[in-house]
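Read through the structure below, which is laid out as structure tokens, and then see the notes.
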Amino acid sequence: MSRTLVELLRDGLPDEAILTDPDVTSSYAHDMASFCAAGEPAVVVLPRTVEQVQHVMRTATELRVPVVPQGARTGLSGAANASDGCIVLSLVKMDRILEISSVDRIAVVEPGVVNAALSRAVGEHGLYYPPDPSSWETCTIGGNIGTASGGLCCVKYGVTAEYVLGLDVVLADGRLMSTGRRTAKGVAGYDLTRLFVGSEGSLGIVVRAILALKPEPPQQLVLAAEFPSAQAACDAVCRIMEGGHVPSLLELMDRTTVKAVNALAQMGLPETTEALLLAAFDTPDPAADLAAVGALCEAAGATQVVPAEDAAESEMLLQARRLSLTALEAIKGSTMIDDVCVPRSKLAEMLEGVERIGEKYDLTVGVCAHAGDGNTHPTVCFDAADPDEGRRARESFDEIMALGLELGGTITGEHGVGVLKKEWLAREIGPVGVEMQQAVKAAFDPHSLLNPGKLF
């Protein structure tokens, strides 16, 4: 008699690592994205060792059972959504920081390490891990690698992909492969490390990562500038970047977002503004840099420019920005969050177009943006219990992505493709691009067991 999936899994896993109660496993079915189908997993596995992950993949390959890797499930594209009958492989228990080296400026971590925990740990060594997604207090490094996530500081320091030096990856058949290096330089062979970053768990299971670190910078100071229009705020962004300034943060919140944050947290942000721009510098003399940027904001039409006097005021302004998506969700209870990145020179056209789309569909659409990167997050607010609003939300979401492509942008700057944007990935990269990416997938995962139904 053939043995069942759970029986085979128990051969290499402790009982506490295997969850089969449907009421429990269903809670692992999806991430935070709207409008993304999710199936019912057959079992949820929470390994603690590399060998346990290898056992799961060997079992999955033997029985041809799909595997959906997960981190904290804070993603916004459905990339961590379960498929019917799959093994959900949750890596949150693999949460050890294995090494921090001040000389080599690296950290070696397991995938379940929470971003904020790593940041605090390396800070004790005078080091800095820059990528800081808005969910940094809960999201994991493995999830950050899977979606190539970004954050508020990307304008100066770049995204996750620029900090992943090497990986240990369990392949679909259970073999363990190491990629990359722990040295400052290295160009041996194809860059498979970079290939795995952003692959959304579709090529292999990351079980260890070597991450580059930087010296801890000085405490940053933040400036807030109010503008009478989004166009004026975007003009300021262009002036700042064209002028050669290197802010550690350059963020934009439109009037809808500012009002939503005030309603949620009573933070006293200026509700009369049409756009609020936050700029920060972590240079040795941030006050001088802020003064120069403040002058550029005034030249672009800012009605008020207020530099923070100390770290506490700066942190308050950053907290307001981090609350943006939560505050927008509170407007109607549900949101569809776009992640369209456009050239900085097209930022104003993007925001103006989003406003027109919101008016066309009679929906509230708030925009917060990593303005220094051109990475916008138009957020469509809707009532999920109203079918017509749901339809209009989905149609407006698609129009926003189409607008981004028309402006020379991309459908995702940091959230990934997942389920939500499969159709749009094909539009962006074209049929030849899809064919070649599918060929890469087939080379690593010939039975299409790893996170099936995502990306393509």
Side-chain angles (χ1 to χ4, degrees), residues 27 29-36 38 72-78 80-81 115-116 132-139 149-152 222 224 226 230 233 249 251-278 315-340 351 354-355 357-371 375-397 399-400 414-415 418 420:
S27 67
H30 56 83
D31 62 17
M32 297 178 67
S34 301
F35 291 103
C36 291
R73 291 180 288 116
T74 57
L76 294 166
S77 67
N81 284 14
N115 186 294
D132 63 339
S134 294
S135 57
W136 77 303
E137 291 282 4
T138 52
C139 66
S149 60
L152 303 186
V222 179
E226 301 176 44
L249 173 148
E251 298 287 307
L252 183 147
M253 301 163 64
D254 72 353
R255 65 176 181 276
T256 300
T257 305
V258 168
K259 290 179 180 178
V261 170
N262 276 344
L264 179 71
Q266 291 79 49
M267 298 196 74
L269 299 176
E271 294 198 2
T272 55
T273 186
E274 289 295 307
L276 185 68
L277 191 65
L278 303 178
E315 183 53 37
M316 184 199 73
L317 290 169
L318 296 185
Q319 183 63 16
R321 171 61 184 87
R322 291 192 182 104
L323 285 173
S324 293
L325 298 181
T326 303
L328 289 167
E329 185 175 10
I331 292 176
K332 282 290 189 84
S334 296
T335 56
M336 288 198 74
I337 303 169
D338 259 301
D339 174 34
V340 177
L351 267 63
V354 168
E355 184 173 9
I357 291 168
E359 292 171 353
K360 173 182 175 180
Y361 287 95
D362 191 24
L363 290 168
T364 298
V365 183
V367 180
C368 52
H370 308 307
N375 190 182
T376 67
H377 295 309
T379 303
V380 182
C381 307
F382 68 100
D383 181 357
D386 184 332
D388 185 61
E389 274 203 17
R391 174 191 60 79
R392 285 184 281 131
R394 181 71 214 216
E395 291 179 7
S396 65
F397 180 90
E399 284 204 21
I400 290 168
E414 57 188 6
H415 292 171
L420 189 62

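Heavy atoms only: backbone and side chains are in, while hydrogens, waters and symmetry mates are out.
Shortest non-hydrogen contact noted between R73 and S27 is NH1-O, 2.9 Å. For the pair V367 and P378, the tightest heavy-atom approach, listed with the atom from each and the gap, is CG2-CA, 4.0 Å.
In this structure the side chain of C368 reaches within 4.5 angstrom of the side chain of L325, judged on heavy atoms. V340 is listed as a side-chain neighbour of I400, based on a closest heavy-atom distance under 4.5 Å. Side-chain contact between L249 and L318 is present, with heavy atoms from C-beta onward closer than 4.5 Å. Side-chain atoms of T379 and D338, non-hydrogen and from C-beta on, never get closer than 4.5 Å to each other. For the pair E395 and Y361, the minimum side-chain heavy-atom distance is below 4.5 Å.
Listed by chain and residue number, T257 satisfy the side-chain hydrogen bond (donor to acceptor under 3.5 Å, both in side chains) test with D254 (two or more places apart in sequence, or in another chain). By the salt bridge (charged side-chain N to carboxylate O under 4.0 Å, His left out) test, E251 is found to be paired with R321, residues two or more places apart in sequence or in another chain being considered. In this structure, the side chain to side chain contact (heavy atoms under 4.5 Å, CB included) partners of R394, at least two apart in sequence or on a different chain, are F35, M336, F397, D398, L420. The side chain to side chain contact (heavy atoms under 4.5 Å, CB included) check on A230 picks up L351, with sequence neighbours excluded. For A369, the side chain to side chain contact (heavy atoms under 4.5 Å, CB included) partners are L252, T376, not counting sequence neighbours. Residues satisfying the side chain to side chain contact (heavy atoms under 4.5 Å, CB included) test with D132, not counting sequence neighbours, are L152, C153, R322. Applying the side-chain hydrogen bond (donor to acceptor under 3.5 Å, both in side chains) test to R255 and every residue at least two apart in sequence or in another chain returns E274, E355. Not counting sequence neighbours, the partners of N375 by the side-chain hydrogen bond (donor to acceptor under 3.5 Å, both in side chains) test are D339. With sequence neighbours left out, D362 forms a side-chain hydrogen bond (donor to acceptor under 3.5 Å, both in side chains) with no residue at all. Every residue meeting the ring-ring contact (aromatic ring centres under 6.0 Å, His included) condition with H415, not counting sequence neighbours, appears here in chain and number order: H377.
Under a cut-off of 6.0 angstrom, the local environment of CE in M32 is sparse, with at most 12 non-hydrogen atoms contributed by other residues, nucleotides or ligands.
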Item to complete: Check step by step if side chain to side chain contact (heavy atoms under 4.5 Å, CB included) holds for D31 and T74.
Response: CA-CA 6 Å; D31 62 17; T74 57; over 6 Å; no

Item to complete: Apply the test side chain to side chain contact (heavy atoms under 4.5 Å, CB included) to residues L264 and T326: give CA-CA distance (whole Å), side-chain angles for both, the deciding distance (0.1 Å), then the verdict.
Response: CA-CA 8 Å; L264 179 71; T326 303; 4.0 Å; yes

Donor-acceptor list for residues 327-335 side chains, cut-off 3.5 Å, not counting sequence neighbours:
| unit_1 | atom_1 | unit_2 | atom_2 | d |
| --- | --- | --- | --- | --- |
| K332 | NZ | E389 | OE1 | 3.3 |
| K332 | NZ | E389 | OE2 | 2.9 |

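The list of salt bridge (Lys or Arg N to Asp or Glu O under 4.0 Å) pairs with a residue in residues 259-273, not counting sequence neighbours, is empty.
Between the side chain of N262 and the backbone N or O of G268, at least one donor-acceptor pair lies under 3.5 Å. Proximity of a side-chain donor or acceptor of T273 to a complementary backbone N or O of P270 within less than 3.5 Å is not detected.
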